[in-house]
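Heads up, the thing below is written out as structure tokens.
Quick caveat: nothing in here was measured; it's all calculated off a predicted structure.
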Amino acid sequence: PATVTVAGAALLQRVAAAVTKAGGNVLSSQLDVQGGPNAKAGFVSMVANCELEQSALQSLLYDLEAGMPFLFVDQLDIQVATAGEGKLRFLLGVSGQWQGVK
């Protein structure tokens, strides 16, 4: 992608598609562009608040880390589901390398 904004939008879209494919929902998401407090140089990062069936979490993580483009799961904070709810709520932090314009 030509700009970090386009790269960030593509990252958000890729993660949202993976969560949806696994049968879950993205409740909210936030892009951490370069210069942000958690940003790593040469990477574009995001954090998403999601919900998903516990049984589908492993396949989601595999999809993100083994698929293309190559992504890193930097954060996974799982909230315990309340009794009667089948879906986990979790905070998912994902980053991918961004080369910028050469």
Let's go through V94 and L11 carefully: what are the C-alpha distance in whole Å and the side-chain angles of both, what is the deciding distance for side chain to side chain contact (heavy atoms under 4.5 Å, CB included) to 0.1 Å, and is it a yes or a no?
CA-CA 8 Å; V94 178; L11 178 62; 4.0 Å; yes

Nearest non-hydrogen partners of [X] and [Y], listed with the distance:
{"X": "D74", "Y": "S95", "answer": "OD2-OG, 2.6 Å"}
{"X": "T3", "Y": "W98", "answer": "C-CZ2, 3.3 Å"}
{"X": "F90", "Y": "L76", "answer": "CD1-CD1, 3.7 Å"}

Please identify each residue that fulfils side chain to side chain donor-acceptor pair (under 3.5 Å) with Q97, with sequence neighbours left out.
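In terms of side chain to side chain donor-acceptor pair (under 3.5 Å), with neighbours along the sequence ignored, Q97 is linked to no residue.
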
Identify all side-chain donor-acceptor contacts of residues 18-29 below 3.5 Å with residues at least two apart in sequence or on another chain.
from : atom 1 : to  : atom 2 : distance (Å)
T20  : OG1    : A16 : O      : 2.9
N25  : ND2    : E51 : OE2    : 3.3

Give, for atom CE of M46 and atom CD of Q75, the distance between the pair rounded to the nearest 0.5 Å.
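Answer for the CE-CD pair, M46 versus Q75, is 10.5 Å.
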
Nearest 0.5 angstrom please: R89 CZ to D77 CG, how far?
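Those atoms lie 15.0 Å apart.
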
Kindly list each side-chain donor-acceptor pair under 3.5 angstrom involving residues 55-71, sequence neighbours excluded, with atom names and distances?
from : atom 1 : to  : atom 2 : distance (Å)
S59  : OG     : A56 : O      : 2.9
D63  : OD1    : R14 : NH2    : 3.2
E65  : OE2    : V73 : N      : 3.2

